[in-house]
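What follows is a single structure, written as structure tokens, with notes after it.
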Amino acid sequence: MFFLKRNKPSLLGLDISTAAVKLLELSKTGNRYRVESYSASPLPQDAVVDKTIAKVETIGNTIKAVVNQSGTKLKHVAVAVAGSLVITKTIAMPASLTDEELEAQIELEADQYIPYALDEVSLDFEVQGRSEKNPDMVDVLLVASRRENVDDRVAALELAGLKAEIVDVESYALENAFTLVLDQIPGATPEKTVAIADVGSTMTTLNVLYKGRIIYTREQGFGGKQLTEEIQRRYGLSYEEAGLAKKHGGLPDNYLPEVLEPFKQAMAQQIGRSLQFFLSSSSHRGVEHLVLAGGCSSIAGIARFVEQSLGIPTTVANPFINMSLSARVKPQSLSNDAPAMMTACGLALRSFD
């Protein structure tokens, strides 16, 4: 089974992306969150391929490293699989069924909705509430992924001495974290149509939210790896050296106009293209605000650049802006990584469901 619903104990949010492993531990007092520990560590290029774990042992060792760096004592984890590896389906079921009856009924009917043999998939469901079409029915979200996508993450965590308590879906984790950036959007209400463009290492994912729920998702093969490879090619560096130079600077004067500027233009074009696909497939009149997330959102001045290119008010995601920090968290490091921590943050929030 997937583990969409299981808790408590307190959970670490652990995001395994193509480029890095990111760890976050939150606590909560009243309505205020506090960052207890956080850490991020890069991954070799071949450890995660097309959102699928290719090297479980490498991931396990990197998880162990981020746990040690962070100083956390927690052992239970919320982790996620990519939306592209998941099949989701909302089905209507009788409201009169108990949880046990619902589970039995879904297992009987699941093969209608899933194009794999049931013994090859991890499967879970979550009741969403009464159906708007029929008050005698409830809408049930069915989630399935090939078993190895879940098992590989669980195995990597076990190598690091951790236990997977929840296996979520990245887009749901992002939706969960969106509540923390909502008040950074001028005049924001849940009724606004807001897009989150998550520009990572190899993939740009556009999620459009309405009333706090994702109504559209699109993935494109574009990300910061292309900028790293151009730096590598242009300046004769190794991939690792190029990645460090991209993050910490020290490149020749022609880097900004000849390398970074074209990348920023390409990034705005990719986001604009995804927004056009949304508009052409939806009855919504448009996106009222754009939030940038992912590692590429740390490029200086990128929000202003994208806003001017697309004509949509744009901000960079920072889910930690209203949080206090423990003494072991370095504010500048967390601030630099904040846009890339949205998924980890949404997972860490599962502690408080």
Could you please spell out the steps behind the side-chain contact (heavy atoms from CB on, under 4.5 Å) verdict for Val259 and Leu227?
CA-CA 8 Å; Val259 181; Leu227 177 57; 3.7 Å; yes
So, [X] versus [Y]: side-chain donor-acceptor pair below 3.5 Å or not?
X	Y	result
Gln69	Ser39	yes
Lys225	Ser201	no
His289	Thr314	no
Thr205	Asp198	no
Asn176	Asp168	no
Ser274	Gln220	yes
Asn61	Glu57	no
Gln226	Glu230	no

Does this structure show an ion pair linking [X] with [Y], if we count only N-O contacts that are shorter than 4.0 Å?
X	Y	value
Glu307	Arg304	no
Glu175	Arg213	yes
Arg234	Glu258	yes
Arg130	Glu132	no
Lys55	Asp46	yes
Glu36	Arg328	no

Can you tell if the side chain of Leu180 reaches within under 4.5 Å of the side chain of Tyr33, non-hydrogen atoms only?
yes
Closest contact, heavy atoms only, Ile302 versus Ser297
CG2-O, 3.4 Å
With sequence neighbours excluded, residues passing ring-ring contact (aromatic ring centres under 6.0 Å, His included) with Tyr210:
His284
Filter on ring pair (Phe, Tyr, Trp, His ring centres under 6.0 Å), then keep only pairs touching residues 241-279, sequence neighbours left out; what's left?
Tyr216-Phe278, Phe222-Phe263
Over 12 non-hydrogen atoms of neighbours within 6.0 angstrom of NZ in Lys28:
yes
List the atom pairs, donor and acceptor, that lie under 3.5 Å between side-chain atoms in residues 77-99 and the rest of the protein, sequence neighbours left out.
residue, atom, partner, partner atom, Å
Ser84, OG, Glu219, OE1, 3.4
Thr98, OG1, Glu101, N, 3.2
Thr98, OG1, Glu101, OE1, 3.4

